[in-house]
Visitor: 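This structure is in structure tokens; I'll ask about it shortly.
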Number of protein chains: 2
Amino acid sequence: MALRHAVLAVLLGGEFSGYQLAKVFDTGVANFWYASPQQLYTELTKLERAGLVDGQLVIQLDRPNKRVYSVTEAGVAELVRFAEAEAKPAVIRDDLLVKVHAVDRTDAAAVVARLEERAVQAAAKAELFDGTLRALRGDLDEAAFLATGDRIGPYLTCLRGWRFEQENLDWCRRSAALIRARWGAEMRDAAAE
Amino acid sequence: MALRHAVLAVLLGGEFSGYQLAKVFDTGVANFWYASPQQLYTELTKLERAGLVDGQLVIQLDRPNKRVYSVTEAGVAELVRFAEAEAKPAVIRDDLLVKVHAVDRTDAAAVVARLEERAVQAAAKAELFDGTLRALRGDLDEAAFLATGDRIGPYLTCLRGWRFEQENLDWCRRSAALIRARWGAEMRDAAAE
DNA sequence: TTCAACATGTAATAAGTTACATGATTCT
DNA sequence: AGAATCATGTAACTTATTACATGTTGAA
């Protein structure tokens, strides 16, 4: 009963097939929800049976046919109910932070490597979100778009995702540098062995 | 096989009972992992059977007895293996951002209310983490602590959590103000009905 | 004596992940 | 002919959530 609303919220932005949705959810939809393709296919089936979305077969000549979904009136009503309910605290589960938390007793060189990998990913995501924000704004500047644009919801969530990834990048770099500074000698010793 | 490492990482900081751990995980352990008490009790049982933690009964006169756990050598070895494995992308699932994403088609007043609730929670958490950071630093300033303190891992993760909550607070406030500005008239109309 | 905090679990259900399966179409 | 992308699912398994269940101790 949770993925359901995330899917409905994304489908407000237009018609999507399961495959297209899977790509959107794979990047984490501006960092607020992640779902696997398998989850999406089953969820779309459930949503359609519940009458919250409407699926239409699209015949394609240049590639395999697909089924695209759009939100029904009942689906919008469900989103309204959801908006009024209390928001649960966000669920965050991050492997990398567990590794950093334990760094003093494990393997500093390995943790630094993981931080650097994540930094690269964070930079890529920040740039991706930046592009999305520009596309949503169009010709308008941010203030004008937020005052007059037709859908500010996706813009606000994307802004949050963008800032999150920028902070992530900054934190990964600083943490890696600090760990290097403390375990530099040992890391060189280990490399020399 | 995921909560396991988060529990081990926290237990590196000392002995904890299931009940104490539950309180730590309830705040999200500096925003990198959330787990319910039920999960923790079952996980601790599994960890002890696997020999990764060691449980000791503590007789208490002033309150019910408890069982406190500490990480064994095998537990530390498991954390080292974990540190070297690739970090999975973080899982984030946030109800509130779904509500905001859909705000243009749902109930702006309700979403603003949820944003304000979250802002209060974020401010409280930021302050909590700030206190934790100060306690970890002791008399030292941040640079000195990071250079010479005996465990910087928990400090770095707490720093991340602190920044995250500050950003959260800022985003909630700005988003609420923007939504109010756009739907102010309608929100007043609805309130007047 | 009732409430809050301390303390620990089990069972049923829901959700999410991983592995398995298939097939079309385009490009090299 | 083989790889990449598009496209959609099912089944088995692992995790997480929710509901249930119990009991101690201290303070109001």
Side-chain angles (χ1 to χ4, degrees), chain A residues 1-8 15-29 32-50 53 55-69 82 85-95 98, chain B residues 1-7 15-29 32-50 53 55-69 85-95 98:
Chain A
M1 292 285 177
L3 171 60
R4 140 167 305 191
H5 300 108
V7 171
L8 288 171
E15 297 189 320
F16 288 88
S17 67
Y19 187 79
Q20 290 173 303
L21 270 182
K23 290 209 286 184
V24 173
F25 275 84
D26 184 51
T27 65
V29 198
F32 67 78
W33 211 275
Y34 166 80
S36 66
Q38 292 80 0
Q39 266 182 289
L40 292 165
Y41 283 116
T42 48
E43 191 63 40
L44 284 168
T45 307
K46 282 192 224 164
L47 280 166
E48 190 171 19
R49 253 181 296 190
V53 302
Q56 287 282 127
L57 185 68
V58 175
I59 309 289
Q60 297 184 121
L61 299 171
D62 52 336
R63 52 187 72 170
N65 297 338
K66 63 181 174 182
R67 195 167 177 76
V68 296
Y69 298 87
F82 173 68
E86 229 170 277
K88 291 185 202 156
V91 172
I92 303 182
R93 291 188 170 118
D94 192 344
D95 261 21
V98 176
Chain B
M1 293 286 178
L3 172 60
R4 139 166 306 192
H5 300 108
V7 170
E15 296 190 321
F16 288 86
S17 67
Y19 188 79
Q20 291 173 304
L21 270 182
K23 289 208 288 184
V24 173
F25 275 83
D26 184 50
T27 66
V29 198
F32 68 78
W33 211 275
Y34 166 79
S36 66
Q38 292 80 2
Q39 265 181 288
L40 292 167
Y41 284 115
T42 47
E43 192 63 39
L44 285 168
T45 307
K46 283 193 225 163
L47 280 167
E48 190 171 19
R49 251 180 299 189
V53 302
Q56 287 282 126
L57 184 68
V58 175
I59 309 290
Q60 299 185 119
L61 299 171
D62 51 335
R63 51 187 71 172
N65 297 338
K66 63 181 174 183
R67 194 167 178 76
V68 296
Y69 296 88
E86 228 170 280
K88 290 186 202 156
V91 172
I92 303 181
R93 291 190 170 116
D94 192 343
D95 260 22
V98 176

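The chains referred to below are lettered A, B, ... by the order of the sequence lines, with proteins before strands, and numbering in each begins at 1. These numbers come from a predicted model, not from an experiment.
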Visitor: Rounded to whole Å, please give me the gap between CH2 in Trp33(B) and P in dT15(D).
Guide: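 That distance rounds to 11 Å.
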Visitor: Measure the distance from CG on Leu21(B) to P on dT8(C) and round it to the nearest whole Å.
Guide: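 About 10 Å, once rounded to whole Å.
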Visitor: Give a yes/no on whether any side-chain N or O of Gln39(B) is located under 4.0 angstrom from OP1 or OP2 of dT15(D).
Guide: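 Answer is no, no contact under 4.0 Å.
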Visitor: To the nearest 0.5 Å, how far apart are NZ in Lys88(A) and CZ in Arg93(B)?
Guide: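 Going from the NZ atom of Lys88(A) to the CZ atom of Arg93(B) covers 12.0 Å.
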Visitor: Write down the distance between CZ (Phe16(B)) and P (dA7(C)), rounded to a whole number of angstrom.
Guide: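 My rounded result for the distance is 13 Å.
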Visitor: Identify, with sequence neighbours excluded, every residue that meets side chain to side chain donor-acceptor pair (under 3.5 Å) alongside Gln60(B).
Guide: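 Testing Gln60(B) for side chain to side chain donor-acceptor pair (under 3.5 Å), a comparison that skips the adjacent residues, returns none.
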Visitor: Lys88(A) NZ to dT18(D) C1': how many Å, rounded?
Guide: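 In whole Å, dT18(D) C1' lies 10 Å from Lys88(A) NZ.
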Visitor: Sequence neighbours excluded, which residues qualify as side chain to side chain donor-acceptor pair (under 3.5 Å) partners of Gln56(B)?
Guide: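 Gln56(B) satisfies side chain to side chain donor-acceptor pair (under 3.5 Å) with no residue once adjacent residues are dropped.
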Visitor: Enter the distance from Trp33(B):CH2 to Asp95(A):CG here, rounded to the nearest 0.5 Å.
Guide: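 Taking CH2 in Trp33(B) and CG in Asp95(A), the distance rounds to 5.5 Å.
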Visitor: Report the residue (Leu61(A) or Lys46(A)) whose heavy-atom-nearest nucleotide on DNA chain C is the more 5′ of the two.
Guide: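 First, find each residue's nearest nucleotide; the 5'-ward one identifies Lys46(A).
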Visitor: Over how many whole Å does the gap from Leu3(A) atom CG to dT15(D) atom C1' extend?
Guide: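 So the two atoms are 16 Å apart, to the nearest Å.
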Visitor: Atom CD1 of Ile59(B) to atom C1' of dT24(D): distance rounded to whole Å?
Guide: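 Taking CD1 of Ile59(B) and C1' of dT24(D), I get 13 Å after rounding.
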Visitor: What bend angle does the helix from dT1(C)-dA28(D) to dT28(C)-dA1(D) show across its length, from five-pair end axes and to the nearest 10 degrees?
Guide: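 The angle separating the two end axes equals 20°.
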Visitor: Mind checking side chain to side chain donor-acceptor pair (under 3.5 Å) for Glu48(B) and listing every partner two or more places apart, or none if nothing turns up?
Guide: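 By the side chain to side chain donor-acceptor pair (under 3.5 Å) rule, Glu48(B) matches Arg67(B).
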Visitor: Roughly, in whole Å, what's the span from CG in Leu47(B) to P in dT8(C)?
Guide: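 Whole-Å distance recorded here is 15 Å.
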Visitor: How long is the span from the CD1 atom in Ile59(B) to the NZ atom in Lys66(B), to the nearest 0.5 Å?
Guide: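 So the CD1 of Ile59(B) and the NZ of Lys66(B) are separated by 12.0 Å.
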Visitor: For nucleotides 1-10 of chain D, just jot down a letter per nucleotide in 5' to 3' order: B, S or -, based on protein non-hydrogen atoms under 4.0 Å.
Guide: ----SBBBBB
Visitor: Between P on dA15(C) and CZ on Arg93(A), what's the gap in Å once rounded to a whole number?
Guide: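 Value for this atom pair: 14 Å.
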Visitor: Atom CZ in Arg49(A), atom NZ in Lys46(A): separation rounded to 0.5 Å?
Guide: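 The NZ atom of Lys46(A) is 8.5 Å from CZ of Arg49(A), to the nearest 0.5 Å.
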Visitor: Name the atoms and distances for all side-chain donor-acceptor pairs under 3.5 Å in residues 18-26 of chain A, with sequence neighbours left out.
Guide:
unit_1, atom_1, unit_2, atom_2, d
Gln20(A), OE1, Ser17(A), N, 2.9
Gln20(A), OE1, Ser17(A), OG, 3.3

Visitor: Which part of the nucleic acid does Arg4(B) contact within heavy-atom distance under 4.0 Å: base, sugar-phosphate only, or nothing?
Guide: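 If one applies the 4.0 Å heavy-atom cut-off, Arg4(B) turns out to touch nothing in the nucleic acid.
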